[in-house]
Colleague: 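Submitted below is the structure of interest, expressed as structure tokens.
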Amino acid sequence: MATERYNPRDAEPRWQQKWNEERVFETDNNDPRDKYYVLEMFPYPSGRIHMGHVRNYAMGDVVARYKRARGCNVLHPMGWDAFGMPAENAAMERGVHPAAWTYQNIASMKAQLKAMGLSLDWSREFATCDVAYYQHQQHLFVDFLEKGLVYRKQSKVNWDPVDNTVLANEQVIDGRGWRSGALVEQRELTQWFFKITDFSQDLLDALDTLDQWPEKVRLMQKNWIGRSEGMAVRWAIVPGTAPSGESEVTVYTTRPDTLFGASFLAISADHPLAREIAAKNPAIEAFCEECRRAGTSLAALETAEKKGIDTGIKVQHPLDPTWELPVYVANFVLMDYGTGAIFGCPSGDQRDLDFARRYNLPVVPVVMPTDGDADTFSVGDVAYDGDGVMINSRFLDGKTTTEAFDIVADRLTATALGNQPQGERKVNFRLRDWGISRQRYWGCPIPVIHCEDCGVVPVPKKDLPVKLPEDVTFDQPGNPLDRHPTWRHVACPHCGKDARRETDTMDTFVDSSWYFTRFTAPWEQVPTDVRAANHWLPVDQYIGGIEHAILHLLYSRFFTRAMRETGHVDVKEPFKGLFTQGMVVHETYSRGAGMSREWVAPADIRIEEQDGKRRAYLLSNSEEISIGSIEKMSKSKKNVVDPDDIIASYGADTARFFVLSDSPPERDVIWSEAGVEGAHRFTQRLWRLVSEAAENLGDVQATPAKEGDALAISQIAHKTLKAVQNDYDKLWFNKAVARIYELVNALAAPLSNVAAGKASDDYRAAVKDATEILIQLVAPMTPHLAEECWATLGSGGMLAKQPWPTFEDSLVTENDVVLPVQINGKKRAELTISRDADQNAVSEAALALDEVKKVLNGQAPKKIIVVPQRIVNIVV
RNA sequence: GCGGGCGUGGCGAAACUGGUAGACGCAAGAGACUUAAAAUCUCUCGGCCUUUGGCUGUGCGGGUUCGAUCCCCGCCGCCCGCACCA
């Protein structure tokens with residue numbers, strides 16, 4: 001009876017090959033069944049997968065396999081987010097061409113993913129650096145350009161003067177380039193922008209429809225979009241105080257109610273007026289320069305003092321032309337929000353108050369809390385920015401802030417300054433247009449041509465794709481496209497004159513903003529097959545890390561809208577369900593302290609327990625190593641576990657099962673050797689129980705028991721089926737795991753009985769039914785093991801193609817219920833009674849219990865609360 | 001500073017969002033089998049006590065309720081976003 005141990009090294013490749021041969025996971029767009037699109041965020045091809053990938057893809061795979069079994073036509077594709085800087089870094093460091101480096105990495109990562117046994121449709125695979133993909137992105141760009149969704153404008157970039165390159169914000173560390181260490185400059189370059197702000201309101205409003213997204217992510221996007229309702233207010237400049245031609249300043253405010261508390265205007269160092277005046281005034285020029293430099297370093301904005309410089313310009317108060325206020329350039333006013341100019345109301349805004357105190361400007365309280373006293377209310381070092389009642393505000397006195405807002409808004413709208421209203425209500429957004437220009441080689445070329453006569457001309461679609469040239473060098477700094485001898489030179493599509501290509505490439509976030517749409521018909525000669533895209537989108541379940549909560553997801557939402565406007569798809573929201581999974585974390589180990597601290601990899605140590613305390617020792621020489629905190633797996637702390645090693649020693653099923661168990665999927669899961677061994681024990685145990693009994697189950701038909709000693713077996717199997725089904729629907733993988741453990745525990749003895757040949761036919765039929773259910777329940781998580789068990793059981797067919805089992809109602813509903821009986825809220829007894837017993841019967845039965853009588857000790861109950869099928873509480 | 005989340009055994013966590021707190025797993029302990037070890041199996045496992053029982057216990061302090069891990073108020077501690085947004 002003894003059977004072989006389950007050997008994943010043999011079984012896993014074997015089943016992967018069979019799935020592959022039978023094309024089980026290839027999806028037909030014309031399949032009439034209900035569609036289900038499950039997608040995990042595609043990986044950057046760094047070369048190796050990590051445990052985070054394993055967890056992410058294991059979750060997606062469970063959903064895909066489960067939905068497939070439930071009868072859906074499942075689309076579960078995979079691809080590569082393959083453009084980006086690491087490939088250029090590799091080229092610079094090792095002289096490998098970015099393309100060669102990238103495609104090699106893809107090949108090795110693909111092999112790793114295949115070893116995981118994921119149910120992916122590999123026939124739809126593509127990399128974003130494939131010309132076959134990015135040519136369509138260029139097509140979309142041209143369409144967006146025609147539709148007015150793309151434009152060029154001057155914009156600041158971080159410029160590294162040594163490497164001659166533009167740096168991303170995260171490449172600037174303490175104001176210096178990460179590679180060169182040179183002080184980073186702010187340069188103005190003409191760059192391409194997507195008009196995401198055209199959709200600000202819609203992107204905000206539609207968040208409410210995304211009810212299968214985490215609340216947290218929706219809130220983060222809401223804050224990022226940052227809608228505010230206020231007014232644009234025009235202030236007349238006192239003649240003669242400003243350079244000629246300047247007659248007014250427009251500020252944006254959300255608090256027009258506090259206008260009578262104004263004591264100055266402040267404009268950004270980049271405001272046109274500031275620039276104009278700085279040109280003639282060295283002191284102001286110097287101050288503006290200082291502001292710009294401070295803006296580059298992320299450090300200590302919090303502690304940055306509020307500083308400014310008086311421009312000498314005076315403005316007239318919009319509600320009282322005789323009232324003149326000074327205009328400052330201030331370091332805390334941002335050019336790219338609102339109008340780049342504000343009015344300062346020190347009593348109602350902390351920054352304005354700090355500023356006013358520094359420059360001895362008036363502080364007039366204009367709003368006090370509703371319960372305040374107008375005679376004594378004053379503002380010291382803390383501004384009052386809440387709602388309340390107006391004071392010191394002439395005709396607004398006594399009104400609420402909301403009323404005052406409306407009165408001022410109406411009045412300013414009706415007042416004219418010049419020929420325009422003095423003010424208008426305005427909704428403002430924090431969201432800015434998406435700058436997509438990157439001065440780099442390894443990205444999708446922006447398909448436009450610059451002609452001296454015709455200006456910016458899009459590359460005609462017939463001339464697409466604009467392919468990246470392959471013969472490029474990385475031996476000198478800067479963008480290789482810029483210095484390529486021939487690639488830039490091209491005839492203008494309009495006039496035929498010599499012209500030059502745009503050498504900027506697109507932000508890689510563009511690539512990932514529509515890959516999920518391309519997966520729906522990756523073979524298509526145009527960007528999308530609209531019918532296929534409309535059929536599959538939105539993605540039913542998207543799974544990935546929380547780090548993409550804002551940018552990637554917001555850009556994708558914008559891009560889908562832009563593609564809709566250009567006729568490439570007819571949905572607005574790309575992702576119906578979103579799930580953000582937690583990280584895989586691990587204990588850290590180190591020796592030494594301070595500067596000489598050295599991290600040690602988990603593979604190099606062994607853990608022992610002594611006197612209830614865990615201690616770590618180096619494998620090589622038994623030196624004791626200190627055990628540190630649990631942190632995200634990272635190379636620098638060496639607390640990484642290589643999925644390859646785990647798959648090689650335990651198999652993919654164990655790795656998959658472990659990352660899904662224990663922790664709720666949205667929370668971090670702690671990787672531990674002991675935990676993996678537990679998961680591995682489970683796979684072996686399941687195999688042993690099933691394989692030992694298999695021989696004695698071959699000749700019976702799986703049939704649930706209706707009575708007798710096998711009834712309990714069928715009941716727990718069918719109850720577990722019902723529960724796990726629900727767990728999978730909700731992505732509660734850890735709960736599913738727990739219930740599956742319970743079922744295995746419950747089936748252990750019956751399976752042993754069968755194996756020992758001590759079971760009747762009916763009993764065996766029930767055990768077989770329960771075992772088949774068990775195997776199907778674990779199949780989404782440990783698919784290879786499940787196939788192996790299924791085959792051993794002789795149940796026939798490939799498990800990956802089997803429909804999901806159905807539970808029998810009669811087996812999941814009990815006739816009797818066990819009710820806890822409480823006395824004064826404390827549990828004292830249990831009562832087993834018929835499910836449909838009425839309240840009186842339940843009360844009487846409860847009072848008749850020995851334990852109850854004993855505790856009551858003759859006292860009469862004051863009240864008896866019977867919650868049907870839940871609990872009985874007797875109050876005395 | 002603003003916004004959001006989370007605090008349950010030695011550990012990861014469950015508990016049908018008001019109804020038996022600690023399912024399931026890990027770790028630990030005891031036992032069985034074995035020449036021995038591994039594997040496997042059985043049992044114990046929040047704390048305290050006078051142990052066939054009792055008291056207490058979900059970060060701390062209050063409240064609502066027949067009944068609170070869950071709802072309300074006030075603290076404490078961690079974590080994560082955004083960060084001068086006018």
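So that the names make sense, note that chain A is the first sequence line, chain B the second, and so on, each numbered from 1.
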Colleague: Between A:Arg681 and B:C26, is there a contact of a side-chain N or O with OP1 or OP2 at under 4.0 Å?
Modeller: yes

Colleague: Can you figure out which of B:U40, B:C82, B:G3 approaches the side chain of A:Leu219 most closely?
Modeller: B:G3

Colleague: What's the closest nucleotide to the A:Asp662 side chain, out of B:U20, B:G25, B:A86?
Modeller: B:G25

Colleague: Find the distance A:Arg430:CZ to B:G81:P and express it as a whole number of Å.
Modeller: 14 Å

Colleague: Can you tell me how far P in B:A86 sits from the matching atom in B:C16, rounded to whole Å?
Modeller: 41 Å

Colleague: Take atom CH2 of A:Trp224 and atom P of B:G3, then tell me their distance rounded to the nearest Å.
Modeller: 19 Å

Colleague: Tell me what A:Glu830 touches on the nucleic acid: a base, only sugar-phosphate, or nothing, going by heavy atoms under 4.0 Å.
Modeller: base

Colleague: In plain terms, say whether A:Arg425 and A:Glu229 are close enough for a salt bridge, that is, a side-chain N and a carboxylate O under 4.0 Å apart.
Modeller: no

Colleague: With a 4.5 Å limit on heavy-atom distance, are the side chains of A:His317 and A:Leu259 in contact?
Modeller: yes

Colleague: Counting side-chain heavy atoms from C-beta on, which of B:U20, B:A86, B:C24 comes nearest to A:Ile871?
Modeller: B:U20

Colleague: If you assign A:Asn873 and A:Val867 each to the RNA chain B nucleotide with the nearest heavy atom, which residue ends up on the more 5' nucleotide?
Modeller: A:Val867

Colleague: How many whole angstroms separate atom CZ of A:Phe657 from atom P of B:G12?
Modeller: 20 Å

Colleague: Give me the distance, rounded to whole Å, that separates B:U20 from B:U58 when you measure between the C1' atoms they each carry.
Modeller: 15 Å

Colleague: Suppose we define a pair by two distances each less than 3.5 Å, Watson-Crick or G-U wobble; what does B:G12 pair with here?
Modeller: B:C24

Colleague: Between B:C43 atom P and A:Asn745 atom CG, what is the distance in whole Å?
Modeller: 10 Å

Colleague: Taking syn as a glycosidic torsion within 90° of 0 and anything else as anti, which one is B:G9?
Modeller: syn

Colleague: Where the side chain of A:Ser228 is defined as all heavy atoms beyond and including C-beta, which of B:A86, B:A14, B:C84 is the nearest nucleotide?
Modeller: B:A86

Colleague: Cation-pi between A:Arg5 and A:Trp687: NZ/CZ under 6.0 Å from ring centre and within 45° of the ring axis?
Modeller: no

Colleague: Please report the distance, rounded to the nearest Å, between NZ in A:Lys735 and P in B:G25.
Modeller: 17 Å

Colleague: So what does A:Thr254 hit on the nucleic acid, given a heavy-atom distance under 4.0 Å: a base, only sugar-phosphate, or nothing?
Modeller: sugar-phosphate

Colleague: Please classify the nucleic acid contact of A:Arg685 as base, sugar-phosphate, or nothing, using heavy-atom distances under 4.0 Å.
Modeller: sugar-phosphate

Colleague: Counting any heavy atom closer than 4.0 Å, what does A:Leu334 reach on the DNA or RNA strands: base, sugar-phosphate only, or nothing?
Modeller: base

Colleague: Which whole number of Å gives the distance between the C1' atom of B:A21 and that of B:A83?
Modeller: 41 Å

Colleague: Between B:C84, B:G19, B:G25, spot the one nearest the side chain of A:Arg351, thanks.
Modeller: B:C84

Colleague: For A:Gln822, which contact category applies under a 4.0 Å heavy-atom criterion: base, sugar-phosphate, or nothing?
Modeller: base

Colleague: Under 4.0 Å from OP1 or OP2 of B:C6: is there any side-chain N or O of A:Arg667 that close?
Modeller: no

Colleague: Is the number of heavy atoms from other residues, nucleotides or ligands under 6.0 Å of A:Asp816 CG greater than 12?
Modeller: yes

Colleague: Does B:C33 pair with anything, Watson-Crick or G-U wobble, both distances under 3.5 Å, and if so, with which nucleotide?
Modeller: none

Colleague: Say you pick atom C1' in B:A68 and the same atom in B:U64; how far apart are they, in whole Å?
Modeller: 10 Å

Colleague: What is the glycosidic conformation of B:U52: syn, defined as within 90° of 0, or anti?
Modeller: anti

Colleague: Hey, is A:Glu742 close enough to A:Arg739 for a salt bridge, meaning N to O under 4.0 Å?
Modeller: no

Colleague: Strictly below 4.0 Å, N to O, side chains only: are A:Arg828 and A:Glu851 in salt-bridge contact?
Modeller: no

Colleague: Select base, sugar-phosphate, or nothing to describe what A:Val875 touches, counting heavy atoms under 4.0 Å on all strands.
Modeller: sugar-phosphate

Colleague: Figure out the CG/P separation between A:Asp850 and B:G53, and round it to whole Å.
Modeller: 13 Å

Colleague: Under 4.0 Å between a side-chain N/O of A:Arg5 and OP1 or OP2 of B:A38, yes or no?
Modeller: no

Colleague: Could you check, using the six-membered ring where one of them is a Trp, whether A:Tyr650 and A:Phe658 have ring centers closer than 6.0 angstrom?
Modeller: no

Colleague: With both distances kept under 3.5 Å, what pairs with B:A83, Watson-Crick or G-U wobble?
Modeller: none

Colleague: For the C1' atoms, the ones on B:A13 and on B:G81, what distance do you get once it is rounded to whole angstrom?
Modeller: 26 Å

Colleague: What's A:Gly678 touching, base or sugar-phosphate or nothing? Going by heavy atoms closer than 4.0 Å.
Modeller: sugar-phosphate

Colleague: Knowing that exactly one of A:Gln350, A:Arg357, A:Arg358 qualifies, which makes a side chain to side chain donor-acceptor pair (under 3.5 Å) with A:Asp354?
Modeller: A:Gln350

Colleague: Rounded to the Å, how far apart are A:Asn223 CG and B:G1 C1'?
Modeller: 14 Å

Colleague: Whole angstroms only, please: what is the CG-P distance between A:Asn331 and B:A86?
Modeller: 17 Å

Colleague: What does B:G77 pair with, Watson-Crick or G-U, if both distances are under 3.5 Å?
Modeller: B:C6

Colleague: Between B:C82, B:A86, B:G67, which nucleotide gets closest to the side-chain atoms of A:Thr253?
Modeller: B:A86

Colleague: Specify the residue among A:Ser663 and A:Gln869 whose closest nucleotide of RNA chain B lies further upstream toward the 5′ end.
Modeller: A:Ser663

Colleague: Tell me what A:Lys826 touches on the nucleic acid: a base, only sugar-phosphate, or nothing, going by heavy atoms under 4.0 Å.
Modeller: sugar-phosphate

Colleague: Only one of A:Val875, A:Val872, A:Ile871 clears side-chain contact (heavy atoms from CB on, under 4.5 Å) with A:Ile865; which?
Modeller: A:Val875

Colleague: Applying a 4.0 Å non-hydrogen cut-off, can you work out what A:Val737 is touching in the nucleic acid: base, sugar-phosphate, or nothing?
Modeller: nothing

Colleague: Out of B:G19, B:A13, B:G81, which has the shortest distance to the side chain of A:Asn734?
Modeller: B:A13

Colleague: Please classify the nucleic acid contact of A:Arg218 as base, sugar-phosphate, or nothing, using heavy-atom distances under 4.0 Å.
Modeller: nothing

Colleague: Would you call A:Lys156 and A:Asp270 a salt bridge, using N to O less than 4.0 angstrom?
Modeller: yes

Colleague: For B:G53 and B:U69, measure between their P atoms and round to the nearest Å.
Modeller: 24 Å

Colleague: Using atom P of each nucleotide, how far apart are B:C45 and B:C24 to the nearest Å?
Modeller: 12 Å

Colleague: Using only side-chain N and O atoms of A:Tyr337, determine if any of them is under 4.0 Å from OP1 or OP2 of B:A86.
Modeller: yes

Colleague: When all nucleic acid strands are considered with a 4.0 Å heavy-atom cut-off, which category describes A:Asn824: base, sugar-phosphate, or nothing?
Modeller: nothing

Colleague: Could you check which nucleotide pairs with B:C45 in any of the strands shown, counting Watson-Crick or G-U wobble with both distances under 3.5 Å?
Modeller: none

Colleague: In whole Å, measure the gap between the P atoms of B:G31 and B:G22 for me.
Modeller: 28 Å

